[in-house]
Amino acid sequence: MTSTMFGAHSTTADVLTGIHLTGRTALVTGGYSGLGLATTRALTQAGARVVVPARRPDAARRALADVAGVEVDQLDLADLASVHAFAERFLRDHPALDILIADAGVMACPETRVGPGWEAQFAINHLGHYALVNLLWPALTTARAARVVSVASGRDPAWRIRWDDVQFARGYDKWEAYTQSKLANILFARHLDMLGATHGVRAFSVNPGWILTPLQRHLAVEEMVAAGWMDAEGTPAPGLFKTVEQGAATQVWAATSPHLDAKGGDYCVDCRTTDGSPTDSGEAARLWALSADLTGLDLVG
């Protein structure tokens, strides 16, 4: 475990103390809402130029109107053609990419099919980001010391990739689909780091903790009450949720901390790497091969 002075209650401002990102380019998917917005604000305040690709660029521009040092572009992670088009524009305008934070995601949505019939949570949370990293690989390697951070969730050893039916064609369960996509985020970061380390690209996955954000938009209040997240009046359970600045701290720390310069592939919680590897390298390689087959992209390495 990497020992730091930071912990569960540290904020983005805390972890960026003394860190200067002037001249660096960052990309934050989902960077105009919830944890992503807190991340974008923090990185720009430290001097970075932040690109925020958004499915709804107009909404992103409104949310970021008071944030200097940001550019917004169109990107729909559920649409591979959109990912290709965005990557072409990005590479034309930005020769190097120092930080990529894969923050955008969907949670526990009704059964939704995107692209060639892919299950939406696996497609948006994992495959879209897999494609994005592959297509932006030239800019990441040009940076020489780039970081990729995959925003996952709490890790349960019972989580599994549904190898015989990753798209949930046989019996959709919104929570099983969500946890599969979050395990995919962890496996992706591990294998990406293995492939990228010799090229100066290190990758991490993070668990931001419990935070109330628009990510819960598909959950009824009754469901969150039954889960013990809040009471019937909508008041959050005491001590359960972090602020967005606390929730975003771990991904900002993983993207910028000099203590991680010689590390990678780790799953990070509360601004610390966890002991051991939370994933199996064989599973990570298998997911990478599946993702390459589904997207037609295998450009890393």
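Here the structure is a predicted model, which means the values were calculated and not measured.
The shortest side-chain heavy-atom distance between Val50 and Thr39 does not fall under the 4.5 Å cut-off. Between Thr256 and Leu16 there is a side-chain heavy-atom pair separated by less than 4.5 Å. Residues Phe168 and Gln121 form no side-chain contact, since every pair of their non-hydrogen atoms from C-beta on lies 4.5 Å or further apart. With contacts defined as side-chain heavy-atom distances shorter than 4.5 Å, the pair Val83/Tyr130 does not qualify. Side-chain contact between Arg56 and Tyr32 is present, with at least one heavy-atom pair separated by less than 4.5 Å. Between Ile99 and Val149, every side-chain heavy-atom pair lies at or beyond the 4.5 Å cut-off. With a 4.5 Å cut-off on side-chain heavy atoms, Val51 and His94 count as touching. Side-chain contact between Leu136 and Leu27 is present, with at least one heavy-atom pair separated by less than 4.5 Å.
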Criterion side chain to side chain contact (heavy atoms under 4.5 Å, CB included) on Phe86 and Asp79, from CA distance to verdict: CA-CA 11 Å; Phe86 168 79; Asp79 180 353; over 6 Å; no
Trace of the side chain to side chain contact (heavy atoms under 4.5 Å, CB included) decision for Leu43 with Ile101: CA-CA 11 Å; Leu43 294 176; Ile101 300 181; 4.2 Å; yes
Would you check, one step at a time, whether the test side chain to side chain contact (heavy atoms under 4.5 Å, CB included) holds for Leu21 with Gln45? CA-CA 9 Å; Leu21 301 176; Gln45 288 165 4; over 6 Å; no
Let me see the working for Val148 and Leu192 under side chain to side chain contact (heavy atoms under 4.5 Å, CB included), right down to the final yes or no. CA-CA 9 Å; Val148 176; Leu192 174 62; 3.7 Å; yes
Let me see the working for Arg202 and Asp261 under salt bridge (Lys or Arg N to Asp or Glu O under 4.0 Å), right down to the final yes or no. CA-CA 8 Å; Arg202 306 310 302 257; Asp261 284 347; over 6 Å; no
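Remark: the backbone N or O of Leu290 is not paired with any side-chain donor or acceptor of Asp293 at under 3.5 angstrom. Side chain of Arg160 to backbone of Pro157: a donor-acceptor contact under 3.5 angstrom is found. A donor-acceptor pair is defined here as one N or O able to donate and one able to accept, closer than 3.5 Å; no such pair exists between the side chain of Asn207 and the backbone of Val269. A donor-acceptor pair under 3.5 Å is absent between the side-chain atoms of Ser257 and the main chain of Ala254, judged by distance alone. A side-chain donor-acceptor contact under 3.5 Å links Lys182 to the backbone of Val151. Using a distance-only test at 3.5 Å, with no hydrogens or angles considered, a donor-acceptor pair links the side chain of Asp98 to the main chain of Thr25. Under a 3.5 Å cut-off, the side chain of Thr44 and the backbone N or O of Gly69 do not form any donor-acceptor pair.
No side-chain donor-acceptor contact under 3.5 Å links Ser82 and Gln74. Donor-acceptor pairing under 3.5 Å is lacking for the side chains of His191 and Glu283. In summary, the side chains of Trp288 and Asp298 do present a donor paired with an acceptor at a separation below 3.5 Å, with no hydrogens or angles considered.
Interatomic distance, CH2 of Trp159 versus CD of Gln180, reported as 11.5 Å (0.5 Å rounding). With values rounded to the nearest 0.5 angstrom, Lys174 atom NZ is found 13.0 Å from Thr179 atom OG1. Rounding to the nearest 0.5 angstrom, the gap separating the CG atom in Asn185 from the NE2 atom in His129 is 8.0 Å. The structure places NE2 of His199 at 12.5 Å from CZ of Arg144, a figure rounded to the nearest 0.5 Å. Here the CG-CG distance, from Leu297 to Leu135, works out to 5.0 Å after rounding to the nearest 0.5 Å. Note that CZ of Phe188 is 10.5 Å distant from CG of Leu127, once rounded to the nearest 0.5 Å.
Taking both residues in full, the closest heavy atoms of Thr12 and Ala42 are given as CB-CB, 3.6 Å, listed atom of the first, atom of the second, then distance. Considering all non-hydrogen atoms of both residues, Gly247 and Leu35 come closest at C-CD2, 3.7 Å. In plain terms, the two heavy atoms of Cys271 and Gly7 that are nearest each other are SG-O, 4.1 Å. Summarising the geometry of Ala96 relative to Thr142, their closest heavy-atom pair is CB-CG2, 4.0 Å, with the distance given to 0.1 Å. Pairing each heavy atom of Tyr267 with each of Ser153, the nearest pair is OH-O, 2.6 Å. The shortest non-hydrogen separation linking Pro208 to Gln251 is CB-OE1, 4.4 Å.
Residues Arg190 and Asp266 are not paired through a salt bridge, judged by the lack of any N-O separation under 4.0 Å between the basic side chain and the carboxylate. The existence of a salt bridge linking Arg113 and Glu119 is excluded, since no basic side-chain nitrogen approaches an acidic carboxylate oxygen closer than 4.0 Å. Using a 4.0 Å cut-off between charged side-chain N and carboxylate O, Arg162 and Asp173 make no salt bridge.
Trp118 and Tyr172 sit in two unconnected hydrophobic clusters of ILVMFWY residues. Membership requires side-chain heavy atoms under 4.5 Å apart, directly or through other members.
Classification of the Trp175-Tyr178 ring pair by plane angle, with boundaries at 30° and 60°, yields perpendicular.
Stacking of Arg147 on the aromatic ring of Phe204 is not recorded, the 6.0 Å distance cut-off and the 45° axial limit not both being met.
Heavy-atom neighbours of Arg89 CZ from other residues, nucleotides or ligands within 6.0 Å: above the threshold of 12. Remark: His84 NE2 is packed, more than 12 non-hydrogen atoms of other residues, nucleotides or ligands lying under 6.0 Å away.
Just one of Ser291, Ser150, Ser181 meets the side chain to side chain donor-acceptor pair (under 3.5 Å) condition when paired with His126; it is Ser291. When each of Asn125, Leu77, Thr112 is paired with Val106, the side-chain contact (heavy atoms from CB on, under 4.5 Å) condition holds for Asn125 and for no other.
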